[in-house]
Amino acid sequence: EGRKARIFTTQREHGALPKAPGGPRHPPPAMEGEESASTYSEASKIHYEKSWLHRHCSSLLQRDRQAQKAGQLFSGLLAMNVVFLGSAFLSSMIFNRVTITLGDVWIFLCILKVLSLCWVMYYLLGTTRKPHAVLYRDIHAGPVWVQVSLVMFGAFSLLLNVFHIGYIISHIQCKSYLEILFPCIDILFLTLQTYLLWHHSKDCIQVQHNLTRCGLMLTIATNLLLWLLAVTNDSLHKEIDSQTQNLGLLNEPCNETISCVCPNTTACEIFQRGYILLYPFNTEYCLICCTMLYVMWKNVGRRISHHHTPHIKPKFKLRGVIFGPLLGTAAVIIGICVFVVYQIQATGSAANRGVFLMYYSYYVVLLPMMSVGALVGTIIHSLEARELDTLKNPTRSLDVILLMGAALGQIGMSYFSIVAIVATNPQDLLNSLILAYSVILIIQHITQNIFIIEGIHRQPWVANTDADFPLEIRQEIRKLSQAYIQTYNDLNWKRKALKEISFFLILCNIILWIMPTFGAHPVFENGLEKSFYGYSTWFAIVNFGLPLGVFYRMHSVGGLLEVYVSA
């Protein structure tokens with residue numbers, strides 16, 4: 001009888017017997033530990049892709065998991081090869097500018113953008129419109145702060161391309177028309193990609209798994225290469241500026257050669273300065289897109305049970321928060337003053353030693369306050385009664401990885417600075433400040449990471465949990481809630497303290513993001529590490545660490561916002 005049953009099942013799978021109408025008789029197996037019986041009615045309508053793995057796996061559960069792993073593997077290999085090829089182009093342009101020019105890199109990136117655009121348009125017009133394509137949506141993916149950052153940095157990136165086009169047109173007599181093609185394609189790419197991530201970042205697509213994974217990985221690879229190009233070009237601008245200052249030459253932004261003179265000097269200077277100034281926003285935009293696309297890639301084929309979806313979402317409120325905003329606002333105002341003075345004096349022909357003392361003194365005062373706040377917040381987390389959120393969450397896992405990875409940039413630069421100072425002259429006042437700054441910066445990154453990671457893994461505290469229940473149940477819940485509040489009223493100070501600390505750290509990270517983003521780079525301009533390691537070596541170290549440090553501050557703001565809201 002068992003042998004007959006197996007023959008009957010095999011014949012039905014290969015089409016020898018008609019299948020029962022309405023899909024499989026039993027619900028599909030669980031994926032990622034989130035499938036339940038409540039989702040069977042919708043999941044039974046999904047037609048999963050077949051592959052060679054289905055002929056070698058005995059159970060449906062093993063087939064689906066193996067197919068998912070194979071799709072992620074092949075799409076990941078595609079992205080890896082594209083990134084390596086693009087990195088080879090960029091490296092060749094840097095080390096051999098005669099054979100591989102910036103125009104060659106632009107052509108390669110334009111091809112990648114066009115391919116990514118084709119997939120994005122197909123996803124928007126084809127994949128998402130198929131029956132049962134998007135049955136589930138990940139509520140954790142694409143939070144509000146990420147979407148606002150996406151639109152803001154995307155708008156600045158569009159403005160960057162406008163300045164780029166204006167600069168090329170102002171020098172059209174000595175530039176090729178093909179140079180206008182790259183920013184024009186970039187504008188179209190930015191627009192469609194921003195629309196995709198704004199409306200579909202929460203999608204758990206259930207059709208065309210392999211094609212969607214490959215399209216997402218191709219788009220991720222394109223954004224990574226655009227980020228590398230932006231970092232490289234920004235670094236070249238810094239190198240040119242620093243060499244010009246060292247030689248004591250005047251900066252002539254509008255004259256690239258003697259024969260290529262901008263007819264309108266003022267407009268030319270505005271276009272070039274705006275183009276250089278907006279570069280950091282483009283780098284942040286590319287990194288944000290990579291993170292959101294990665295979460296979409298992880299959610300391909302994912303099925304989420306409805307009982308895991310919370311009915312009440314915490315909202316951002318400023319009620320009861322006083323000291324955190326006051327201290328944070330004071331830190332921002334003082335930081336802006338320090339930044340303005342630094343930009344005026346340190347970027348001149350002769351840098352003033354006093355401006356470096358002022359800059360590092362500001363950091364030496366602010367960073368310990370941030371470290372103490374994060375440490376106190378971590379202790380409060382350990383005293384809380386809130387339970388840990390142990391559900392699988394690709395967005396939260398990626399946040400932790402990005403926090404730990406992006407912190408390596410500033411931590412690595414700090415250790416290089418410590419070695420250089422200790423080996424030369426640590427008794428000097430400026431060197432002592434830089435040494436203290438480097439040590440405290442490492443401590444601040446570690447304590448803040450622990451505080452954020454502890455906070456985003458906590459269940460959100462919600463005061464009103466009876467909004468979705470009938471009247472009788474709500475009355476009973478109110479009685480229990482009153483008794484609970486009277487018994488555990490002492491927990492209020494913990495929630496208030498967490499909100500105060502989170503808000504203070506949010507404002508501090510914002511000002512620490514603004515200062516290096518808009519050109520304050522004392523680690524390269526003070527001359528200490530540059531003279532110890534050599535110009536090229538220290539330039540490469542700064543080129544690696546600064547972009548990661550800028551991204552870390554911005555990403556920390558998002559994590560701290562989640563900690564503030566959940567408290």
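Just so it is clear, the values below take in all heavy atoms, side chains as well, and ignore hydrogens, waters and symmetry mates. By convention here, the first residue in the shown sequence is residue 1.
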Residues which pass side chain to side chain donor-acceptor pair (under 3.5 Å) with Asn161, listed by chain and number, not counting sequence neighbours:
Asp186
Just by modelled atom types, is the Leu367 backbone N or O under 3.5 Å from a matching donor or acceptor in the Tyr437 side chain?
no
Which pair of heavy atoms, one from Asn509 and one from Leu560, lies closest together, and at what distance?
ND2-CD1, 3.5 Å
Aromatic ring pairing Phe551/His555, orientation class (parallel under 30°, perpendicular over 60°, tilted between)
parallel
Donor-acceptor pair, side chain of Asp428 and main chain of Leu430, under 3.5 angstrom
yes
Please give me the minimum heavy-atom distance between Lys499 and Tyr564, naming the atom from each residue.
NZ-O, 3.1 Å
Is Thr128 reaching over with its side chain to a backbone N or O of Tyr123, donor-acceptor style, under 3.5 angstrom?
yes
Kindly say whether the aromatic ring centers of Phe156 and Tyr285 come within a distance under 6.0 Å.
no
Closest heavy-atom pair and its distance - Asn449, Ala407:
ND2-CB, 3.7 Å
Would you say Met404 has more than 12 foreign heavy atoms packed within less than 6.0 Å of its CE?
no
Could you tell me if the ring centre of Tyr359 sits under 6.0 Å from that of Tyr363?
yes
Of all heavy-atom pairs between Gly324 and Leu507, which one has the smallest distance, and what is that distance?
O-CD1, 4.4 Å
Using the benzene-type ring in the case of Trp, are the ring centres of Tyr552 and His445 under 6.0 Å apart?
yes
Under 3.5 Å, side chain of Glu529 to main-chain N/O of Ser417, donor-acceptor pair present?
no
Indicate whether the side chain of Ser556 and that of Gln448 have a donor and an acceptor atom separated by less than 3.5 Å.
yes
Look at the side chain of Asn223 and the backbone N and O of Thr219, then say whether any donor-acceptor pair between them is shorter than 3.5 Å.
yes
I'd like to know if the side chain of Lys202 reaches the main chain of Ala141, judged simply by a donor and an acceptor atom lying under 3.5 Å from each other, with no hydrogens or angles considered.
yes
Heavy-atom closest pair, residues Cys508 and Leu366
SG-CD1, 3.7 Å
My understanding is that only residues two or more places apart in sequence, or in another chain, count here; which of them pass side-chain contact (heavy atoms from CB on, under 4.5 Å) with Leu326?
Ile322
Under a 3.5 Å distance rule, please check whether Thr424 uses its side chain to pair with a backbone N or O of Ile421 as donor and acceptor.
yes
Establish, yes or no, whether a centroid distance under 6.0 Å links the rings of Tyr294 and Trp297.
yes
So which atom in Tyr362 and which in Met515 form the shortest heavy-atom distance, rounded to 0.1 Å?
CE2-SD, 4.0 Å
